Protein chains: 2
Amino acid sequence: MVEEEILLQQLFEEEKLTDKQKKILLAAIDTFSEKGYAATSTSEIAKKAGVAEGTIFRHYKTKKELLVSIVTPLISKVFGPFIVKDFHKVLDQPFENAEDFLRATIENRREVFKKLLPVIKIIMQEIPFQPELREQFVEQVAKKTYERILVVIQDYQDKGQIIDMPPASVARLAVSSIFGYLISRYIFFPESEWDDEIETERTVHFILHGIGKK
Amino acid sequence: MVEEEILLQQLFEEEKLTDKQKKILLAAIDTFSEKGYAATSTSEIAKKAGVAEGTIFRHYKTKKELLVSIVTPLISKVFGPFIVKDFHKVLDQPFENAEDFLRATIENRREVFKKLLPVIKIIMQEIPFQPELREQFVEQVAKKTYERILVVIQDYQDKGQIIDMPPASVARLAVSSIFGYLISRYIFFPESEWDDEIETERTVHFILHGIGKK
DNA sequence: AATAAAAGTGAGTGATTACTCACTTCGAAA
DNA sequence: TTTCGAAGTGAGTAATCACTCACTTTTATT
């Protein structure tokens, strides 16, 4: 309950929310992430939130608007921070080498991923079907974040720490490795025992040196 | 139309299908992959297939049975072959080095991915929500395939071509890279221009040597 | 040609869906 | 204390949902 409050606070920090509104959002996040958006009925959300069904539609004109109002702040606050926080880490107190940057990035994204897991599940599920969400995602992530990542990569390429592969391909490969780790860790095999420190090191080493023996 | 016939033939080769049954399956694959299972109505499938709604339920007791009967053969015929074909390639006419094996694997998976894209989308979408499918998937893919991959990895480790990282981690990292490529290629940015030969080489090089400069 | 089983049909079923609206309750400002 | 807009309610609505069933048509076997 307390932890959920924190999640809400992070996603809707600037908005004033009624008590019942919070309950609606939490119930919606819970059910969407568990059963999927289309398979969730508004009556179910109302029931779980302990609220009349009409109350939902007092605040959100449609069911889709409820979905969007959950996902939108996430997109700007999870992928946005990649830009702001981590990028400033690089510029303001730049990591000497790519290795430290990678390690910091993985650990940082892991925290966010873990904390916002239910909402991230919703995004992953609904992006293929909701053009509205996809467009937002592309705008926020593909364009903004991507451009910044490219700059970071080129920075380390200039320093001679990264091979001369097109930055777009470098980005794809590194991002695949990081998200592959997070998805294995929190979605596919959350039950397994994970030594996160060691796995992070392995991932960093892999991104930099691969699995081949010289 | 012809290409779709081939897809059906591959998935349902041993079953005798009526003309209308084929049309139902194609319409279902199409709509499920486009809008998602839960958001697709049986009346919509019937309409798209040019068939009465009752005809669907003549062959499939429930909507979920229709889903399962599409996904099940895919799991055993697409992910099964990962085991059989590719693994036998390694054992019967073993690749001398890990590099050749990787290249062959990526190219092989790319063909399959491309050909069965709509059905793969359905699997990816529905596995989180359908315990029945997830169990099948785990049984057929995660267990069998995974065990075989581990053997291959250990084989190359014994040959001294792969570093001494636990095979499970090696598998995760390599599979992430390959699927990261395929997902970028066919799901996220199918519209972009891709030079598959070059990207395959980059992915192979990345898996073996990373992006770091020695 | 006769027959039976399988395939196909479409109107009809009760349940559920997202959403509305006339109404009540609440909370803060005047 | 009065007042007024926002918050909350829940019975009601038309549409749609997955699914049924009595019936017709097609197909294969003799």
Side-chain angles (χ1 to χ4, degrees), chain A residues 5 8 12 14-72 122 125-126 129-133, chain B residues 5 8 12 14-72 122 125-126 129-133:
Chain A
E5 280 285 341
L8 277 192
F12 305 95
E14 74 278 6
E15 297 168 49
K16 300 165 204 159
L17 297 179
T18 316
D19 191 57
K20 303 222 164 187
Q21 229 174 322
K22 287 179 195 167
K23 279 179 181 162
I24 290 171
L25 287 169
L26 286 177
I29 290 172
D30 216 49
T31 325
F32 285 163
S33 125
E34 207 170 283
K35 310 178 55 178
Y37 167 76
T40 299
S41 68
T42 49
S43 73
E44 198 179 351
I45 295 171
K47 208 173 163 187
K48 185 178 269 184
V51 158
E53 208 176 337
T55 310
I56 294 176
F57 292 96
R58 166 95 17 213
H59 297 287
Y60 309 94
K61 267 178 275 180
T62 64
K63 186 184 159 194
K64 187 173 284 180
E65 194 182 294
L66 174 59
L67 172 70
V68 169
S69 80
I70 288 172
V71 170
T72 295
I122 297 175
Q125 286 305 319
E126 292 311 319
F129 305 130
Q130 314 287 348
E132 203 174 344
L133 292 187
Chain B
E5 280 285 342
L8 276 192
F12 306 95
E14 75 278 8
E15 299 167 49
K16 300 166 203 157
L17 297 178
T18 316
D19 192 56
K20 303 222 163 185
Q21 230 174 320
K22 286 180 197 167
K23 279 179 182 163
I24 290 171
L25 287 169
L26 286 177
I29 290 173
D30 215 49
T31 324
F32 286 161
S33 128
E34 208 170 284
K35 311 178 54 178
Y37 167 76
T40 299
S41 68
T42 48
S43 73
E44 198 179 351
I45 296 171
K47 207 173 162 188
K48 185 178 271 186
V51 160
E53 208 175 337
T55 310
I56 294 176
F57 292 95
R58 165 96 18 213
H59 297 287
Y60 309 95
K61 266 178 275 180
T62 64
K63 187 184 159 193
K64 186 174 286 181
E65 194 182 296
L66 174 58
L67 172 70
V68 169
S69 80
I70 288 172
V71 170
T72 296
I122 297 174
Q125 287 305 318
E126 292 311 319
F129 306 130
Q130 314 285 349
E132 202 175 343
L133 292 187

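Here is the naming used below: chain letters follow the sequence lines, and residue numbers restart at 1 for every chain. Just the heavy atoms: all of them, side chains too, but no hydrogens, waters or symmetry mates, feed the values below. Everything quoted here is computed from the prediction, not taken from an experiment.
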Any side-chain to backbone donor/acceptor pair from [X] onto [Y]? Under 3.5 Å, distance only.
X	Y	result
K48(A)	L26(A)	no
S41(A)	E44(A)	yes
K63(A)	Y37(A)	yes

Practice problem: List in numerical order all residues of residues 52-69 of chain A for which some heavy atom is under 4.0 Å away from an atom belonging to DNA chain D. | Solution: A52(A), G54(A), T55(A), R58(A), H59(A)
Self-check item: Distance-minimising heavy-atom pair for T42(B) and E53(B)
Solution: OG1-OE2, 2.8 Å
Exercise. Look at K64(A) together with E132(A) and state whether they make a salt bridge at an N to O cut-off of under 4.0 Å.
Key: no
Quiz item: Roughly how many Å is it from NZ in K47(A) to P in dT16(C), rounded to a whole number?
Solution: 10 Å
Self-check item: d(NZ, K20(A); P, dC26(C)) in whole Å
Solution: 10 Å
Quiz item: Does K47(B) have any salt bridge (Lys or Arg N to Asp or Glu O under 4.0 Å) partners at least two apart in sequence or in another chain, and if so, which?
Solution: none
Exercise. Look at all strands and tell whether T42(B) reaches a base, only sugar-phosphate, or nothing, counting heavy atoms closer than 4.0 Å.
Key: base
Quiz prompt | Contact under 4.0 Å: S43(A) side-chain N or O vs dT17(C) OP1/OP2 | solution = yes
Exercise. Would you check if L66(B) and L25(B) make a side-chain contact, meaning some heavy-atom pair closer than 4.5 Å?
Key: yes
Exercise. Would you grab the first and last nucleotide of DNA chain D (5' to 3') that comes under 4.0 Å of any non-hydrogen atom in chain A?
Key: dA7(D) to dG10(D)
Exercise. Could you tell me the separation between the CD1 atom of I24(B) and the OG1 atom of T18(B), rounded to the nearest 0.5 Å?
Key: 8.5 Å
